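Everything on this sheet refers to the single structure shown next.
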Amino acid sequence: MQTDIQIEPAVIVVFGAGGDLTQRKLIPALFSLFIEGWLPEQFLIIGLDRVQMNDQAFRQHLYEGVDRYSRQGKVNTQDWDRFASHLTYTVADFTNPKAFDLLSEQIAAQEETWGQLSNQIFYLATPPTMMEPIARLLHHTGLSDNRERARIVFEKPFGHDLESARALNNTLTNFFFAETQIYRIDHYLGKETVQNILALRFANALFEPVWDRRYIDHVQITVAETVGVEHRGGYYDQAGALRDMIQNHLLQVLCLIAMEPPVSFGADEIRNKKVDLLRAIRTIPCDSMDWSAVRGQYGEGQIDGKAVPAYRHEPGVSADSNTETFAALRLCIDNWRWQNVPFYLRTGKRLPIRASEVSVVFRPVPHQSFPRSALEGWQPNRLVVHVQPDEGLSLRVQAKQPGLRMRLNPADMQFRYQDVFPSPSPEAYETLLLDILLGDATLFMRADQIEAAWQIVDPVLEAWADNPPADFPNYSAGSWGPEAAEALLARDGRHWLAPIVEEKRGKHV
Ligand code: BG6
């Protein structure tokens with residue numbers, strides 16, 4: 001496929017190119033962009049890492065990743081050979097200024113060969129401790145000087161808490177890069193279904209009139225995973241579910257559901273509206289932490305009929321770890337639209353199914369005119385965004401059950417991506433990488449957004465650190481988390497809704 005967008009020549013430098021993210025996500029995404037005609041003719045991908053490898057070994061390593069993880073399926077070797085000729089690898093120590101001098105020379109030489117200037121994307125697929133040193137050396141080498149062309153990309157986690165995120169933002173933007181050059185990734189924002197929340201809310205006249213406290217009872221956001229910590233125990237044990245998922249992915253989804261309508265789709269306008277929303281979220285007071293926040297850690301159990309070990313027995317995890325693998329929050333938004341409408345967020349590892357879903361639950365009708373006997377199966381209206389799997393939307397309405405008596409039962413009106421749009425959706429990283437090449441920062445986190453999100457979770461992190469859990473592990477792998485998570489909603493007279501994919505499988509929470 002050839003595209004009509006002109007993308008300028010680009011050098012993409014990946015720090016941490018020997019790692020998992022590069023092999024599983026970045027290169028498969030760049031390969032897809034390449035074969036679909038989105039990359040410019042003149043592009044070079046420079047991998048940098050400490051691992052000893054030559055170009056050939058690097059290409060082979062990436063080939064295996066693309067063959068395994070690309071949405072394009074098995075690699076066509078001709079396509080791969082054309083793509084691989086743009087890949088090169090250098091062994092580098094990211095703390096050594098010489099490595100950056102060499103990089104600078106390599107980029108200059110490439111531009112000379114092309115006879116054109118390029119945009120440079122510095123992608124940090126590295127542990128968080130390397131972010132600042134790399135940015136510092138890029139700056140010292142002059143590689144960050146061109147504010148139009150040089151862009152730096154940070155993977156999450158961005159900071160460990162509010163203080164560290166603020167310090168990192170200050171150092172980066174005061175000394176090394178302008179904010180407009182910085183792209184902080186939250187890959188959830190690259191997902192089609194997450195972006196579609198904007199289309200749903202602001203391209204349809206139907207929803208906005210009922211999108212507030214008068215018609216909406218509450219909102220639930222669930223991101224459930226069946227996987228454990230896989231090979232990332234070392235990182236995860238320092239992070240936990242609140243930092244790993246809620247501070248970023250779930251809060252970003254919440255922003256899109258709850259923000260005010262933007263005036264335009266400019267990057268700053270969307271980001272301003274999201275920051276307004278984050279700042280309206282009420283800080284959870286420390287004396288009502290138990291009413292608003294729940295943590296859990298999985299013990300051993302079964303997933304899909306297979307025995308799986310407890311979190312504390314996972315590789316890289318401390319045997320007496322108190323890190324949470326499940327977190328749930330009850331959040332309130334102090335603005336006119338959402339007064340008294342709770343937002344319940346939950347996420348966990350080793351839950352029974354993989355499902356990310358947003359349920360907007362509407363209030364009951366103000367007066368029930370149907371006889372009691374008709375209402376046994378009654379449920380409130382519910383608009384569900386299926387983020388994954390089975391991407392789409394469903395709207396639960398009441399319908400008359402066919403028959404000679406009046407009985408109401410819920411029925412779902414459904415939109416499934418795969419039925420309506422036959423072409424496959426791009427991976428989140430494809431969308432995000434293309435936006436970086438184009439210099440469009442709409443889907444990336446600005447410094448103030450990151451800090452506003454930390455401001456929400458910081459009091460919970462502090463309260464949890466001050467009061468280590470006495471009951472971990474408190475849920476079995478394969479269950480829906482600790483009992484306290486149910487109690488969080490039960491106190492409000494509500495319960496967690498089974499994700500629709502699970503309902504369909506005939507199970508129940
Ligand atoms: C990452 C987290 O950001 O998102 C992981 O660090 C998590 O722990 C992953 O598994 C989930 O992403 P997705 O796209 O599979 O929902």
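Because the structure is a prediction, the values reported are computed rather than measured. For ligands, and for the atoms within them, numbers begin at 1 and follow the listed sequence.
- Among all non-hydrogen protein atoms, the one lying nearest atom 14 (O) of ligand 1 is Lys191 NZ, 2.6 Å.
- When hydrogens are left out, the protein atom nearest atom 16 (O) of ligand 1 is Tyr188 OH, 2.6 Å; that is the closest non-hydrogen contact.
- Counting only heavy atoms of the protein, atom 10 (O) of ligand 1 lies nearest to Glu225 OE2, 2.5 Å.
- In this structure, a donor-acceptor pair under 3.5 Å is present between the side chains of Tyr344 and Asp492.
- Aromatic ring centres of Tyr475 and Trp480 lie farther apart than the 6.0 Å criterion allows.
- Close N/O approach between Tyr236 and ligand 1 is not found [any backbone or side-chain N/O within under 3.5 Å].
- Ionic pairing of Glu314 and Arg232 is not present here: no N-O contact between side-chain nitrogen and carboxylate oxygen is shorter than 4.0 angstrom.
- Asp244 OD1, 2.6 Å is the protein heavy atom nearest to atom 6 (O) of ligand 1.
- Among the atoms of Ser356, none of the N or O lies under 3.5 angstrom from an N or O of ligand 1.
- Taking the ring centroids of Phe202 and Phe265, they lie at or beyond the 6.0 Å cut-off.
- Using a 4.0 Å cut-off between charged side-chain N and carboxylate O, Arg271 and Asp268 make a salt bridge.
- Taking only nitrogen or oxygen atoms, main chain and side chain alike, Lys156 reaches within less than 3.5 Å of ligand 1.
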_Is there a side chain to side chain donor-acceptor pair (under 3.5 Å) between Ser292 and Arg330? Walk through the geometry before answering._
CA-CA 5 Å; Ser292 305; Arg330 175 190 191 276; 5.4 Å; no

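- Remark: ligand 1 atoms within the under-4.0 Å shell around heavy atoms of His249 are 1 (C), 3 (O), 4 (O).
- Protein heavy atom in closest approach to atom 12 (O) of ligand 1: His187 NE2, 3.2 Å.
- Using a cutoff of 4.0 Å between basic side-chain nitrogens and carboxylate oxygens, Asp320 and Arg312 are not scored as salt-bridged.
- Of all atoms in ligand 1, listed by their number and element, those nearer than 4.0 Å to a heavy atom of Lys349 are 5 (C), 7 (C), 8 (O), 10 (O).
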